[in-house]
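This one's a predicted model, so the numbers in the text were calculated from it and none came from an experiment.
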Amino acid sequence: MCSPKILLVVLVLSTLPRATSAHQLTSPDEVTAKIVAQEQAEVQLLRQYTPLVETYIQYLRADNQAGSVPHGDKYFLGRAELARGTELEPLDRTTGMNQKLFGGLGEFFSVEFVPRGFLQMIYVDLNGFDVNHYRFEYVRREFLGDVRCLVFDVDPLPKSGKGRFVGRIWVEDQGYHIVRINGAYGGSSLVSNYFNFDSWRINAGNNLWLPAFIYSEEGSVNDKETRNIGYKAFRAQTRIWGYNRGHTRREQELSKVLVEKSAQIRDQSEVANDYSPLQAERSWEHQAEDNVVERLEQQGLLAPSGEVDKVLETVINNIEVTNGLDIQPEVRCRLLMTSTLESLTMGHTIVLSRGLIDVLPDEASLAAILAHEIGHIVLGHRMDSKFGFFDNLRANEKETFRHFDLARTAEEERAASRKGTELFKNSPYSKSQGTAQLFFQVLKDRSKQIPNLVSPNLGGRVEANWVMSPTEFSTGSNEKTSTSVIAALPLGGRIKIDPWNDQLRMLKSKPSVAIAESEKMPFQITHFLFYLTRQADNSASEDPDAVATKLPSGSKP
């Protein structure tokens, strides 16, 4: 008869999956040692990367209908230097950007919010994640999407020091990489607070799991104790991308061997192909436009061309056709990677931010935004052609947003709004103009509570782009105002990000049947559940559909 201790070991081993490698892990100690070794290797591996890191925080206040709503926010965008641990170099948006980030220069490294404190959450423990400092308790097996994981509760051993992780980890069962970290660092005090967090890594190849998203939350709007200990209730999200910095495609193109038939090569033109002054001017402006697009993409601020661009360009084509427009060169679309709500034009390129696409409730609202930007193009509002000179593209990355300031004058914005309204009213989307009007109205009403979210990095403020008044609505509209109407989605409501190659994809989550008033959450931070999958190899750029993302039930229509 087995002793209770021996029986316990046998039961634990029977629930652990068999190792897929040649060397079978046959004991809990071996599994724990493998997890620790892989996490230490992960820390070393990440030291070679300098991804972009964006942290957005919303303070919360109580609301009778919604439960809680944003009441103030903070924003930070910077470049991580993972070779130096959790060091960050901020990208300033304006001359006084430090006043707009985490509370001003005096508060930027305050006890309230430290940007690198959120970045620290990509790790379980940078110093001392081992059996000498932690106790591991196996919980169960669980699937996160398609990835089978071992779940462990992790607690620091006595006298292991402050700031140790307390919580739960999910470990994929093939290579024993940690893919999810949920908990907090222990040892908070009056001068140092550690917040609860849920940190996710996604697969960019067989042996590459990259930190991609962190959700953090602390306090309750109805909890007096929260206010008494010195901070307001808040929610925060940290997004990390730009690990590969977009160089792979160009390097692959350079390495290709192209062989051309001699009969196809022409060194002399048979007809006159000289450019007229007008053609040369247009070409020069287009060169400046292409230069800025390429530069921003290299820095990881602009997503590579992809499927979301095509969706936007389809809407643009519908607006152009119904308005009898033939714009040359053709209008194209690109997306900023950031959460800030903004739209802008660079020559004939319309740029919308990922955050703006996230919160738009329907296609009509998207059409209203695009119609405004088409208005700039139709009216001939040009960008600065100085960027046609390649030396003018050179700037310290910290100065990027000031160097490439693409905001329009107030007069140009008003003219584009009038023209955009005209284009929208003639478009097939005018039948749904009520939802567009509602989106702009709610955005305008809430902009004071989310000032950093609506403050653009490069372009203009979106809430000022709509000029149509309610009396201008078509009388033939069959739309009815209802409590079921969603004015705007939460952040993350439409777009998923591949942090390796910066590709953006549309979410394909299932629609909700019924949504309560408290579940609408326009412009708010919500928790994410990632549907994890494995990539076949390490060429993440070849398979951008590696990760799908789901919003919590009831968060989007």
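Here D358 does not pair with R494 in a salt bridge; the nearest charged N to carboxylate O distance is not below 4.0 Å. A salt bridge does not link R461 to E342: none of the charged nitrogens lies less than 4.0 Å from a carboxylate oxygen. Salt bridge status for E397 with R79: present, with a side-chain N to carboxylate O gap under 4.0 Å.
Nearest heavy-atom pair across P211 and Y243 is O-OH, 2.6 Å. Of all non-hydrogen atoms in I202 and I497, the two that sit nearest each other are CD1-O, 4.4 Å.
In this structure, R239 forms a cation-pi arrangement with F528, its terminal cationic atom sitting closer than 6.0 Å to the ring centre and no more than 45° off the ring axis.
Annotation: side-chain contact (heavy atoms from CB on, under 4.5 Å) contacts of N291 (sequence neighbours excluded): Q287, F390, L393. Residues satisfying the salt bridge (Lys or Arg N to Asp or Glu O under 4.0 Å) test with R235, not counting sequence neighbours, are E217. Every side-chain hydrogen bond (donor to acceptor under 3.5 Å, both in side chains) that T349 has, sequence neighbours left out, goes to E289, R332. With sequence neighbours excluded, no residue forms a salt bridge (Lys or Arg N to Asp or Glu O under 4.0 Å) with R446. Evaluation of the side-chain contact (heavy atoms from CB on, under 4.5 Å) rule for N132 yields D130 as partners, not counting sequence neighbours. Take V311 and apply the side-chain contact (heavy atoms from CB on, under 4.5 Å) test, not counting sequence neighbours, and it matches no residue. Legend: residues meeting side-chain hydrogen bond (donor to acceptor under 3.5 Å, both in side chains) with D29, ordered by chain and number and at least two apart, are absent. Legend: residues meeting salt bridge (Lys or Arg N to Asp or Glu O under 4.0 Å) with R140, ordered by chain and number and at least two apart, are E142. Applying the ring-ring contact (aromatic ring centres under 6.0 Å, His included) test to Y123 and every residue at least two apart in sequence or in another chain returns nothing. Residues satisfying the ring-ring contact (aromatic ring centres under 6.0 Å, His included) criterion with W170, sequence neighbours excluded, are absent altogether. Listed by chain and number, the residues in a side-chain contact (heavy atoms from CB on, under 4.5 Å) with N392 are K386, F387, F389 (sequence neighbours excluded). Not counting sequence neighbours, the partners of E54 by the salt bridge (Lys or Arg N to Asp or Glu O under 4.0 Å) test are R354.
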Test log, rule side chain to side chain contact (heavy atoms under 4.5 Å, CB included), inputs D73 and Y59: CA-CA 6 Å; D73 64 355; Y59 293 118; over 6 Å; no
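Residues H177 and E172 bring a donor and an acceptor atom of their side chains to less than 3.5 Å of each other. Residues N452 and Y56 have side chains that never bring a donor and an acceptor to within less than 3.5 angstrom of each other. Y134 and D125 share a donor-acceptor pair across their side chains, judged by distance under 3.5 Å alone. Looking at D198 and H527, their side chains do bring a donor and an acceptor atom within 3.5 Å of each other. In summary, the side chains of S353 and T340 do not present any donor paired with an acceptor at a separation below 3.5 Å, with no hydrogens or angles considered.
Of the residues listed (F213, Y531, F530), the one engaging W200 in a ring-ring contact (aromatic ring centres under 6.0 Å, His included) is F530, and it is the only one.
F197 and F165 have tilted rings, their planes meeting at an angle from 30° to 60° on a 0 to 90° scale.
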